[in-house]
Amino acid sequence: MEAAKTFQPGILKGKVALITGGASGINFEIARTLAQFGAAVAIMGRREKVVAAAVEEINKAGGRAIGVPGDVRTAEAAQKVIGEVVSKLGRLDIVVNGAAGNFLCPAEDLSSNAFKTVIEIDLVGTFNVSRAAFPELQKTKGLIINISATLHYSTTPWQTHASAAKAGVDSLTTSLAAEWGHYGIRVNGIAPGPIADTVGMSKLSLGMTNGDNLSDALSQVIPLGRAGLKSDIASAALFLSSDAASFISGHTLVVDGAAWLYHQPAISREGLRKIEEERRKSKL
Ligand code: COA
């Protein structure tokens, strides 16, 4: 794992982190990594069994983890979870707002409730947990990391709901960084691109025609030539949680191999060179 070769062991020793949606996928990898580098971690999720399994895996590997089941959509649940974290682990330094819900759906088929559901999990949930964590983060001069996306930088088909939610999350990142910086609280975001072995990626694969290979297809449209790994996102979270990032706030770090910037050119590199060669020849 690259983080182990790059970061000093124990850089988060004595810190306590809450990771919402931390029982699976990218967020679990973040929880595992923060624990590996010394933080005690609390995993919040709706599915108690999945949360328990995640906690067990981290504890078995020598980390310290607890489960705090709950749904980020209600302020009461967020408040309860923060209380539990502080009573069981003593403090709160890092909040990773990772809980999200998503599915692919054309806007004309999207019900109002479906739109609202995603906004409530991603955006309202991020606010609820951040707001409930504020008094504790104020005490520890802690930090927040909001897991965002690049969906809304341009447009993404069938992702009206998630794009709107993540645009809101980015706005929360900048607003809270500006308002809470005075208390010594840093607020940043991470915008992952396509990440291998995730629910999001398997949903994309379902939409592909038989015989297409998603990894091959992605390598064509991601300048760095591969899909991201969960560890790429966890390393970014570890960096933002570390003192090396102590003057970084209000920033959403895009971790996508330059994918969102890329547009397939109308003319290939080879085609362009051929045109140039012919232009030169015709001048001779
Ligand atoms: N396409 C269109 N609408 C969908 C949908 C889909 N694939 N999945 C859910 N909805 C709609 C439901 O029909 C419902 O709207 P309605 O009342 O008008 O029918 C609304 O969204 C709420 O759905 P419901 O299943 O009751 O909500 P929930 O709170 O149990 O779960 C999600 C919502 C988004 C979390 C759920 O779709 C889910 O489990 N997704 C997979 C897990 C996931 O998203 N992981 C994160 C990946 S980034």
Side-chain angles (χ1 to χ4, degrees), residues 1-4 6-72 77-100 125-126 128-130 132-137 139-147 185-190 192 198 229-245:
M1 190 209 167
E2 292 308 313
T6 310
F7 297 93
Q8 294 277 0
I11 52 173
L12 298 181
K13 201 157 179 259
K15 307 278 186 197
V16 172
L18 167 67
I19 298 96
T20 74
S24 61
I26 290 172
N27 299 320
F28 175 68
E29 187 60 21
I30 293 174
R32 214 181 59 73
T33 303
L34 299 188
Q36 187 192 348
F37 283 84
V41 298
I43 292 180
M44 180 177 183
R46 284 189 297 163
R47 296 167 298 166
E48 290 203 25
K49 277 191 185 157
V50 187
V51 169
V55 164
E56 193 186 341
E57 190 174 333
I58 291 173
N59 285 331
K60 268 195 179 155
R64 184 165 181 219
I66 62 164
V68 279
D71 189 330
V72 295
Q79 195 66 56
K80 184 169 165 274
V81 155
I82 300 296
E84 260 180 83
V85 173
V86 175
S87 80
K88 290 184 180 156
L89 299 175
R91 55 190 285 144
L92 180 61
D93 302 88
I94 301 166
V95 171
V96 179
N97 284 307
T126 295
N128 286 342
V129 175
S130 302
F134 171 76
E136 299 305 324
L137 295 178
K139 286 181 206 158
T140 58
K141 296 197 186 306
L143 63 103
I144 295 174
I145 298 173
N146 294 327
I147 305 303
I185 300 172
R186 296 192 290 114
V187 186
N188 288 298
I190 296 175
T198 55
L229 303 173
K230 287 181 259 191
S231 60
D232 290 320
I233 308 305
S235 293
L238 180 60
F239 164 65
L240 288 173
S241 300
S242 76
D243 288 345

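Computed from a prediction, not measured in an experiment: that's the story for all the values here.
- When all heavy atoms of Val68 and Ala42 are compared, the pair lying nearest together is CG2-CB, 4.0 Å.
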Give the C-alpha distance, both sets of side-chain angles, the deciding distance and a yes or no for side chain to side chain contact (heavy atoms under 4.5 Å, CB included) between Ile66 and Ile43. CA-CA 6 Å; Ile66 62 164; Ile43 292 180; over 6 Å; no

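- No side-chain donor-acceptor contact under 3.5 Å links Asn146 to the backbone of Asn97.
- Contact between Gly67 and Glu84 at its shortest, heavy atoms only, is O-OE1, 4.4 Å.
- If you check the side chains of Asn27 and Thr20, you find no donor sitting under 3.5 Å from an acceptor.
- Here the side chains of Val16 and Glu136 are not in contact, with every heavy-atom distance at 4.5 Å or above.
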Going through the checks in order, is the side chain to side chain contact (heavy atoms under 4.5 Å, CB included) test met by Phe28 and Ile19? CA-CA 8 Å; Phe28 175 68; Ile19 298 96; over 6 Å; no

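- The pair Lys60-Glu57 fails the salt-bridge criterion, with no side-chain N (NZ, NE, NH1 or NH2) lying under 4.0 Å from an Asp/Glu carboxylate O.
- Under a 3.5 Å cut-off, the side chain of Asn128 and the backbone N or O of Val72 do form a donor-acceptor pair.
- Each of Val187, Ile94, Asn188 was scored for a side-chain contact (heavy atoms from CB on, under 4.5 Å) with Ile144, with one residue passing: Val187.
- Contact check on Arg91 versus Asp93 returns a salt bridge, with a Lys/Arg side-chain nitrogen under 4.0 Å from an Asp/Glu carboxylate oxygen.
- The main-chain N or O of Ile145 is never found under 3.5 Å from a side-chain atom of Arg186 such that the two would form a donor-acceptor pair.
- Nearest heavy-atom pair across Met44 and Val51 is C-CG2, 4.5 Å.
- Between Ile233 and Glu29 the shortest side-chain heavy-atom distance does not fall below 4.5 Å.
- Between Thr6 and Phe239 the shortest side-chain heavy-atom distance does not fall below 4.5 Å.
- Of the residues listed (Ile147, Leu18, Val41), the one engaging Val96 in a side-chain contact (heavy atoms from CB on, under 4.5 Å) is Ile147, and it is the only one.
- In this structure, the side chains of Ser24 and Arg47 come closer than 4.5 Å at one or more pairs of heavy atoms.
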Task: Worked check of side chain to side chain contact (heavy atoms under 4.5 Å, CB included) between Leu143 and Leu240 - done: CA-CA 9 Å; Leu143 63 103; Leu240 288 173; 5.6 Å; no

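- Judged by distance alone, the side chain of Thr33 and the main-chain N or O of Ala234 form no donor-acceptor pair under 3.5 Å.
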